[in-house]
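Everything on this sheet refers to the single structure shown next.
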Amino acid sequence: MPELPEVETTAVGIAPLLVNQRIKKIVVRNKQLRWPVTDQIESIVKDLIIKTVKRRAKYIVVDLDHGSFLIHLGMSGSLRLISESDILKKHDHVQMYLSNDYVLTYHDPRRFGCWLWSNDDHKLLDSLGPEPLSKSFDGSYLWGLSKGRKLSVKAFIMDSKIVVGVGNIYANEALFSSGIRPNRHAGRISLKRYELLAKNIKSILTAAIKQGGTTLRDFTNGRGEPGYFEQSLNVYGRAGEKCLNCASILREIRLGQRSSVFCMSCQQ
DNA sequence: CTTTCAGCCTGACGGC
DNA sequence: TGCCGTCAGGCTGAAA
């Protein structure tokens with residue numbers, strides 16, 4: 001599933017072919033996504049100009065000269081740039097035809113994503129916490145907000161009001177690297193350990209983004225479909241297997257409806 | 001206020 | 001071979 005690094009790579013990858021283009025038309029083939037695609041979007045955005053393309057959390061924000069799109073890839077979404085004569089695939093739900101003759105095509109089998117237009121601020125961005133790679137996100141920030149919180153530290157760092165973009169894979173991995181057991185109460189972890197955790201979240205995400213830059217998918221030949229990065233995973237998806245550090249058998253529990261894998265011996 | 005959890009959806013996978 | 005049940009997962013909004 002698209003995690004923050006995939007969304008970042010997508011935004012960076014498509015931006016050069018979108019910015020300053022005019023929208024010739026939009027075709028919505030299935031508007032039933034996580035939320036219905038904005039009504040009348042076809043007529044609203046015709047002939048508008050794309051100003052910028054950027055990422056916020058796991059959203060892609062496409063600013064127009066009137067309003068903006070908020071795109072989310074959900075669990076199974078992807079964007080690719082194709083030509084008008086290319087053959088569509090099953091689950092290609094939205095297409096944006098550009099004046100440079102490319103067609104930005106949104107593909108999403110599970111339809112957990114969204115494609116919303118607004119001429120104002122998008123409400124979904126209202127209560128988001130800081131970007132994990134920003135300066136304002138660090139150990140003391142996490143520690144400060146964790147006071148009195150009884151939920152698990154894993155659920156805590158996956159809460160987008162606390163910090164955005166830390167999905168299940170990276171939460172599991174960052175907690176392993178930090179030697180923190182995922183079910184520990186958020187409010188009972190020391191500043192020192194939060195500093196290590198914040199540092200590891202940053203380094204894991206940075207490495208994945210960098211890998212995305214080098215793997216550099218080609219968004220213009222129809223291969224926008226990921227192709228998620230080869231991830232070196234220590235715990236995620238490895239329940240029942242040996243810890244790569246100490247050879248103990250990795251355990252799996254569920255926290256906040258998500259599978260959480262950890263090493264009883266390396267994570268306390 | 002905090003915390004939990006249903007629900008959205010399809011494809012992959014295991015059992016028979 | 002195919003059918004069926006189960007699971008995965010980000011995120012919001014309602015319930016507890």
- prompt: Think A:K25 forms a cation-pi with A:Y97, using NZ or CZ under 6.0 Å from the six-ring centre and within 45 degrees of its axis?
  reply: yes
- prompt: Are the side chains of A:L125 and A:Y59 in touch, meaning some heavy atoms are under 4.5 Å apart?
  reply: yes
Would you list the protein and nucleotides 12-16 of chain C atom pairs, both N or O, that sit under 3.5 Å from each other?
| unit_1 | atom_1 | unit_2 | atom_2 | d |
| --- | --- | --- | --- | --- |
| C:dT12 | OP1 | A:Y59 | OH | 3.1 |
| C:dT12 | O4' | A:R34 | NH2 | 2.9 |

task: Could you state the atom-to-atom distance from CG of A:N172 to C1' of C:dG9 in whole Å?
output: 12 Å
message: Side chains of A:L98 and A:V103, heavy atoms from C-beta outward: is any pair under 4.5 Å?
response: no
task: Could you tell me whether the side chain of A:V164 reaches within less than 4.5 Å of the side chain of A:E131, counting heavy atoms only?
output: yes
- prompt: Would you call the rings of A:H93 and A:Y106 parallel, tilted or perpendicular, where under 30° means parallel and over 60° means perpendicular?
  reply: tilted
query: Could you give the CZ-to-C1' distance, from A:R110 to C:dT6, as a whole number of Å?
result: 13 Å
query: Could you state the CZ-P distance from A:F112 to C:dA8, rounded to the nearest angstrom?
result: 13 Å
field: Whole-Å gap separating C1' (C:dC11) and CG (A:L70)
entry: 12 Å
task: For A:I71 and C:dC11, give me the distance from atom CD1 to atom P, rounded to whole Å.
output: 15 Å
query: Is the shortest heavy-atom distance from the side chain of A:V61 to the side chain of A:V53 under 4.5 Å?
result: no
message: Please evaluate residues A:H72 and A:W35 with respect to the criterion ring pair (Phe, Tyr, Trp, His ring centres under 6.0 Å), reporting the C-alpha separation (whole Å), side-chain torsions for both, the decisive distance (0.1 Å), and the verdict.
response: CA-CA 11 Å; A:H72 198 288; A:W35 293 280; 8.5 Å; no
query: Does A:R22 reach the side chain of A:D47, with side-chain heavy atoms less than 4.5 Å apart?
result: yes
Rounded distance in Å - CG (A:L233) to P (C:dA8): 16 Å
- request: Nearest whole angstrom, please: distance from the C1' of C:dC11 to the CG of A:L125.
  value: 13 Å
- prompt: Taking atom P of C:dG9 as reference, at what distance in whole Å does atom CG of A:L73 sit?
  reply: 17 Å
Beyond-backbone contact of A:N168 with A:S259, side-chain heavy atoms, under 4.5 angstrom: yes
task: Spell out, as yes or no, whether a donor-acceptor pair under 3.5 Å connects the side chain of A:S160 to the backbone of A:M158.
output: no
query: So among A:D63, A:I23, A:V94, which one has a side chain to side chain contact (heavy atoms under 4.5 Å, CB included) with A:F69?
result: A:I23
field: Nucleotide range of DNA chain B lying under 4.0 Å from chain A heavy atoms
entry: B:dT2 to B:dG11
message: Roughly what angle, to 10°, lies between the helix axis at the start of the helix from B:dT2-C:dA16 to B:dC16-C:dG2 and the one at its end, five pairs per end?
response: 50°
